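Comments concern the structure below.
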Amino acid sequence: MNVRRSAAVLAAVTVIGAAIPAAAAPSPSPSQALPSALYGDKDPKFDGVWRQSLALLAQDTVGEKPAAKSVEWLVRQQCGDGGFAAYRPDPTTACDAKTMLDTNATAAAVQALAALGGQDAVADKAVGWLKSVQNEDGGWGYAPGGASDTNSTSVVIGALTAVGEKPDQVEKGGKSPYDALLKLALPCGGDGDGAFAFQPDKKGELTANADATAAGVLGALGKGMVAKAGKKSGAGCAEPRTPEQAAANGAAYLTKALAKDDDHLTSALAGADPQPDHGNTADAVVALAAQGDTAQAEKSLGWLEKNSATWAEQGGPAAYAQLVFAAHATGTDPRDFGGTDLVKRLNATGPAPQTPEKTAAAEDKSDSKSDFFGVWWYVGVCLVAGIGIGFLFTGRRKRQQS
């Protein structure tokens, strides 16, 4: 499971009172065949919508046109109120009070569908639901009603930006998402100098978290999961009074953390030795590139090119998507990622994208229809003009509002 995703799931456990192990992703039994439109072959119970969204978004990022049935599968996962659950095995059954809606899955779906286009109504409805569950501090938790955390708030900011909303104007109780992020940014001059915390601990204290920091940098910059290299601003660590300064502080923290461990981040479970954290490293690369700290981003990308093949193969579509995002952010060709074609590997985890031939044929068919009706429209106008009677009707179809 995606590391950022697993952190959010674990946070939700506290809210809903259920113990869900982050690493629990068993393969489904033969009697639980997965939908043919779904990417990945692991149990999608906790991350079906998330990994599907990342896969489709990554394909769009590299110029691929996802399979129509895969996009349709994602759209059908939406509940009537606009929210998405982590996974609904039977989308024909209406969502009810027992359906555990998920801000992260919803925000990821919005980013994917907005990028693909043609799904404005679905994306707008999802954003409407996200606004309805915004916390009084301006942020979001993984589950509605849960305490705001950096990761969830940041992925929702990315969704807002994707549909053209201005995050600083999306307020609850007079607070915007940026206000929530600033409350989770650590001050300078102490442990975790300039980092973001995931959430305050039980005592209300903040502890630096590398994955939350990567998410927080992107969120503070108003960026989504797909970002290009930005222009560096700020140096060192200063009081995080603005989102821009908090992003600069977080990037400085990530740079130090990456350089400390041979250009990658590490993680450790209780009682286990620290292990390379490929997912968090990929997220950090995107964040640093977006902030303009390209030197360290490129070094860490180089580490990923040499060391991420096994991790990505085990992680599946979301992992390949993270690497595609990291390559995109640094201007690296994802089809030659340390000798690996990430696009080919990602595509192999699910339905093949539409071929250029099929796409072109569909467009030609559409154009032919347009030409046909255009000709007869012109003939009609000429006939009407010839008898001295004419009516010109103009209209614009309003965008569906939910």
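These numbers come from a predicted model, not from an experiment. Worth knowing before you read on, the calculation uses all heavy atoms, side chains too, and leaves out hydrogens, waters and symmetry mates.
- Looking at L54 and F325, their side chains come closer than 4.5 Å, going by heavy atoms from C-beta outward.
- Separating the OH atom in Y87 from the CE atom in M100 is a distance of 15.5 Å, to the nearest 0.5 Å.
- Remark: H278 engages W303, W311 in a ring pair (Phe, Tyr, Trp, His ring centres under 6.0 Å) (not counting sequence neighbours).
- A donor atom on one side chain and an acceptor atom on the other are found under 3.5 Å apart for D211 and N151.
- Proximity of a side-chain donor or acceptor of S176 to a complementary backbone N or O of Q169 within less than 3.5 Å is not detected.
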**Request:** Mind running side chain to side chain contact (heavy atoms under 4.5 Å, CB included) on L342 and V62 for me, showing each step along the way?
**Result:** CA-CA 10 Å; L342 294 177; V62 298; over 6 Å; no
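- The line from CG of L56 to CD of E64 is 12.0 Å long, rounded to the nearest 0.5 Å.
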**Asked** Taking it one step at a time, do L160 and K166 satisfy side chain to side chain contact (heavy atoms under 4.5 Å, CB included)?
**Response** CA-CA 7 Å; L160 295 173; K166 296 182 178 180; over 6 Å; no
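- Remark: the backbone N or O of D96 is paired with a side-chain donor or acceptor of T99 at under 3.5 angstrom.
- Atom CD of Q199 sits about 10.5 Å away from atom CG of L206, to the nearest 0.5 Å.
- A donor-acceptor pair under 3.5 Å is absent between the side-chain atoms of S300 and the main chain of H264, judged by distance alone.
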**Request:** Kindly indicate, with the supporting measurements, whether the criterion side chain to side chain contact (heavy atoms under 4.5 Å, CB included) is fulfilled by D179 and D137.
**Result:** CA-CA 7 Å; D179 292 311; D137 63 4; over 6 Å; no
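- Looking only at side-chain heavy atoms (C-beta outward), V156 and Q134 stay at 4.5 Å or farther from each other.
- D149 places a side-chain N or O within donor-acceptor distance of the main-chain N or O of S152, the cut-off being under 3.5 Å.
- In plain terms, the two heavy atoms of G222 and Y178 that are nearest each other are CA-OH, 3.5 Å.
- For the pair R88 (side chain) and Q78 (backbone), a donor-acceptor distance under 3.5 Å is present.
- Between the N135 side chain and the G146 main chain, a donor and an acceptor come within less than 3.5 Å of each other.
- Salt-bridge check for K183 with E136: failed, with every basic side-chain N at 4.0 Å or more from each acidic carboxylate O.
- In this structure, T150 and L181 have side chains that are in contact, with non-hydrogen atoms separated by less than 4.5 Å.
- Residue pairs meeting the disulfide bond (SG atoms under 2.5 Å apart) criterion with at least one member in residues 81-145, sequence neighbours excluded: C79-C95.
- Of all heavy-atom pairs spanning A321 and A55, the tightest one is CB-N, 4.3 Å.
- With sequence neighbours excluded, no residue forms a side-chain contact (heavy atoms from CB on, under 4.5 Å) with D191.
- When side chains are defined from C-beta on, W129 counts as touching P144, because their heavy atoms get closer than 4.5 Å.
- Residues K42 and R51 have side chains in contact (heavy-atom distance under 4.5 Å, counting atoms from C-beta outward).
- Screening residues 276-338 for disulfide bond (SG atoms under 2.5 Å apart) gives no qualifying pairs among residues at least two apart or on separate chains.
- With rounding to the nearest 0.5 Å, the separation of CG in L218 from OG1 in T213 is 11.5 Å.
- Among residues two or more places apart in sequence or in another chain, the salt bridge (charged side-chain N to carboxylate O under 4.0 Å, His left out) test is passed with E165 by K131.
- Of the possible donor and acceptor atoms, one in the side chain of Q52 sits under 3.5 Å from a partner among the backbone N and O of Y39.
- Annotation: side chain of L323 is not in contact with side chain of T340 (no heavy-atom distance under 4.5 Å).
- In this structure, P276 and N307 have side chains that are not in contact, with every pair of non-hydrogen atoms separated by 4.5 Å or more.
- A distance of 7.5 Å separates NZ in K256 from SG in C237, rounded to the nearest 0.5 Å.
- Among all heavy-atom pairs drawn from A251 and Q291, the shortest one is CB-CG, 3.5 Å.
- Listed for the N249 side chain is a donor-acceptor partner under 3.5 Å among the backbone atoms of A238.
- Looking at T161, its side chain never comes within 3.5 Å of a backbone N or O of K223 through a donor-acceptor pair.
- Side chain of T266 to backbone of Q275: no donor-acceptor contact under 3.5 angstrom is found.
- Residues V217 and A287 come closest through the heavy atom pair CG1-O, 3.7 Å.
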**Item:** side chain to side chain contact (heavy atoms under 4.5 Å, CB included) between F337 and S308, worked out
**Value:** CA-CA 10 Å; F337 191 80; S308 64; 3.8 Å; yes
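- A donor and an acceptor atom, one from each side chain of Y142 and D102, are located under 3.5 Å apart.
- Proximity of V155 to W50: side-chain heavy atoms (C-beta onward) are separated by under 4.5 Å at one or more points.
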Less than 3.5 Å apart, which donor and acceptor atoms pair up between the side chains of residues 344-352 and the rest of the protein, not counting sequence neighbours?
from	atom 1	to	atom 2	distance (Å)
N347	OD1	Q59	NE2	2.9
N347	ND2	V343	O	3.3
T349	OG1	L346	O	2.6

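- For the residue pair P243 and L182, the shortest heavy atom distance occurs at N-CD2, 4.0 Å.
- The CG atom of L130 sits 12.0 Å away from the CD1 atom of I157 when rounded to the nearest 0.5 Å.
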